[in-house]
Amino acid sequence: MKASKIWLSSPHMGGTEQKYVTKAFEENWIAPLGPNVTGFENDLEHYLGRDSQVACVSSGTGAIHIALDMAGVSAGDTVLCQSFTFCGSANPITYLGAKPIFIDSELETWNMSPEYLKAAIEKEIQKSKKPKAVLAVHLYGMPAKIDQIEQICKEYDIVLIEDAAEALGSEYKGRKCGTFGDFSILSFNGNKIITTSGGGALVCRTKEAKAEAIFLATQARDNAPHYQHSRIGYNYRMSNVVAGIGRGQMEVLEDHVSARRANHTFYKKIFEKVEEVTLFEEPSTDFYSNHWLSCITFDDKKMLNCEKLRNFLLDFNIESRPLWKPMHLQPVYESNDYYGNGEAAALFNKGLCLPSGSNLGSEEKNRIKEALYSFFENN
Ligand SMILES: *Cc1c(COP(=O)(O)O)cnc(C)c1O
């Protein structure tokens with residue numbers, strides 16, 4: 001019999017989620033608003049601090065869509081977007097009829113390179129096409145060089161949207177990811193650090209901005225007894241049922257971060273002895289990663305590579321996955337402009353994400369360790 005599947009990152013319930021969901025049923029709050037939505041927003045605001053104003057929505061992608069709309073992005077505009085990311089970062093730019101221009105990564109954090117960002121802004125301004133917004137990501141939970149990026153956006157007066165979908169619990173210079181820039185977004189998809197099955201949040205800096213976000217997320221209904229609209233809105237509000245899962249998950253968020261960081265330490269011990277592999281690590285103590293996913297890169301001396309290892313692990317029923325394929329290499333974005341030097345593309349070609357769930361037990365870790373040792377000993 002085959003051993004049970006070890007997933008890359010699977011949902012991990014803490015135990016109190018159902019209590020909040022049951023309450024939603026008992027009180028008949030089966031709607032896209034209610035005490036769980038408000039409670040989950042309060043929990044997130046308290047956790048993030050710095051007067052964060054949180055609007056919960058149905059997905060991280062939806063949160064980015066609303067943030068871009070609030071940033072004034074519309075048809076014909078351009079937005080500078082990190083290339084090395086999941087499509088959920090870039091697609092909402094396209095929903096608005098705007099065009100993403102992709103920015104390469106730097107190799108310390110794998111995130112948006114401040115140098116290429118600055119070069120792109122100056123070049124686009126020369127072409128009289130000043131970008132409307134910048135979308136920076138903390139990939140795999142690793143904080144980007146967000147202070148430099150923020151500084152550049154201030155200098156050129158461009159709205160900064162922080163995609164912290166993978167980075168709840170991460171910090172840069174002691175400040176929580178999800179509190180930088182003009183807007184931040186979070187995701188509670190099934191594989192993220194905490195999950196509501198599906199969901200997201202838009203983090204605003206003022207009460208007024210939060211009110212506008214909720215207005216837009218609920219079809220932009222004007223204040224009138226009948227249904228009246230003077231703006232195009234969205235149906236993106238979070239359900240009170242799934243918000244109950246979120247409230248329970250907030251009680252175990254810190255445990256999840258500790259467990260994922262412990263996974264990273266587990267991999268560090270294994271790969272210390274493997275010369276041809278580098279584990280992706282925090283470049284300095286300024287960076288505190290939740291290590292949402294632990295990732296490795298190969299330097300290819302022995303003709304080993306990610307696909308070989310990925311298939312080898314699959315034989316042990318262990319899931320792993322190539323790094324995100326950069327957006328500027330995606331067929332759908334091939335013709336978009338790109339500023340960079342192939343850094344993200346090189347990472348994509350030599351990197352792999354390893355099982356990183358906060359629910360990995362010691363038995364599963366032993367299986368992973370044995371599989372990795374046997375791969376590197378026999379190759
Ligand atoms: C998951 C993710 C998103 C989108 O979030 P959803 O809730 O799945 O819509 C956006 N950006 C990044 C970097 C993500 O990992």
Side-chain angles (χ1 to χ4, degrees), residues 7-11 40 44 54-69 79-96 100 102-103 105 109-112 133-144 146 149 160-170 177-178 180-181 183-203 213 217 234-239 242-243 245-246 249 256 260 280 289-295 321-328 330 332-333 344 347-348 351 353 356-357:
W7 300 97
L8 193 70
S9 178
S10 67
F40 188 29
L44 286 163
V54 175
C56 282
V57 292
S58 50
S59 72
T61 308
I64 295 175
H65 197 179
I66 292 177
L68 290 163
D69 190 325
V79 173
L80 302 178
C81 178
Q82 183 163 324
S83 184
F84 199 31
T85 187
F86 172 59
C87 70
S89 307
N91 285 347
I93 301 166
T94 309
Y95 301 164
L96 288 163
F102 294 109
I103 308 294
S105 294
T109 74
W110 294 6
N111 291 307
M112 182 180 271
V134 168
L135 202 140
V137 187
H138 307 295
L139 214 60
Y140 302 118
M142 184 65 71
I146 195 71
I149 293 168
L160 173 60
I161 299 168
E162 180 199 30
D163 180 344
E166 302 175 2
L168 185 59
S170 299
C177 292
F180 291 91
F183 301 97
S184 311
I185 75 95
L186 303 170
S187 168
F188 313 115
N189 205 335
N191 60 0
K192 298 287 157 71
I193 196 100
I194 61 168
T195 181
T196 60
S197 69
L202 177 58
V203 187
Y234 308 92
N235 182 9
Y236 279 172
R237 196 70 166 127
M238 180 180 274
S239 151
V242 307
I245 307 176
Q249 289 273 279
H256 286 197
R260 293 205 187 233
F280 180 42
S289 174
N290 65 14
H291 289 305
W292 173 57
L293 296 184
S294 288
C295 308
R321 194 192 289 155
L323 301 183
W324 297 121
K325 180 172 181 175
M327 287 302 117
H328 73 281
Q330 297 288 352
V332 74
Y333 288 126
L347 288 169
F348 169 63
C353 310
S356 303

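Everything numeric in this text was worked out from a predicted model, so none of it was measured. Ligands are counted one by one from 1 in listed order, and the atoms in each one are counted from 1 as well. Reckoned from all heavy atoms, side chains included, excluding hydrogens, waters and symmetry mates.
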| request: Taking side-chain contact (heavy atoms from CB on, under 4.5 Å) as the test, write out the residues that go with W324, two or more places apart. | output: F84, F86, L139, Y140, E166, W292, R321
| field | P100 side chain reached by M327 side chain, heavy atoms, under 4.5 Å | value | no
| message | If I take atom CG from residue N91 and atom NE2 from residue H65, how far apart are they, to the nearest 0.5 angstrom? | response | 10.5 Å
| task | Enter the distance from T85:OG1 to N111:CG here, rounded to the nearest 0.5 Å. | result | 8.5 Å
Contacts table for ligand 1: protein N or O within a distance under 3.5 Å of ligand N or O, distances only.
| unit_1 | atom_1 | unit_2 | atom_2 | d |
| --- | --- | --- | --- | --- |
| ligand 1 | 5 (O) | S187 | OG | 3.3 |
| ligand 1 | 7 (O) | G60 | N | 2.7 |
| ligand 1 | 7 (O) | S187 | OG | 2.7 |
| ligand 1 | 8 (O) | N189 | ND2 | 2.9 |
| ligand 1 | 9 (O) | G60 | N | 3.3 |
| ligand 1 | 9 (O) | T61 | N | 2.9 |
| ligand 1 | 9 (O) | T61 | OG1 | 2.5 |
| ligand 1 | 11 (N) | S89 | OG | 3.4 |
| ligand 1 | 11 (N) | D163 | OD1 | 3.4 |
| ligand 1 | 11 (N) | D163 | OD2 | 2.7 |
| ligand 1 | 15 (O) | E166 | OE2 | 2.5 |
| ligand 1 | 15 (O) | K192 | NZ | 3.2 |

| query | Y95 versus Y234: any side-chain heavy-atom pair under 4.5 Å? | reply | no
| Intermediate values then yes/no, side-chain contact (heavy atoms from CB on, under 4.5 Å), Q249 and T195 | CA-CA 7 Å; Q249 289 273 279; T195 181; 3.7 Å; yes
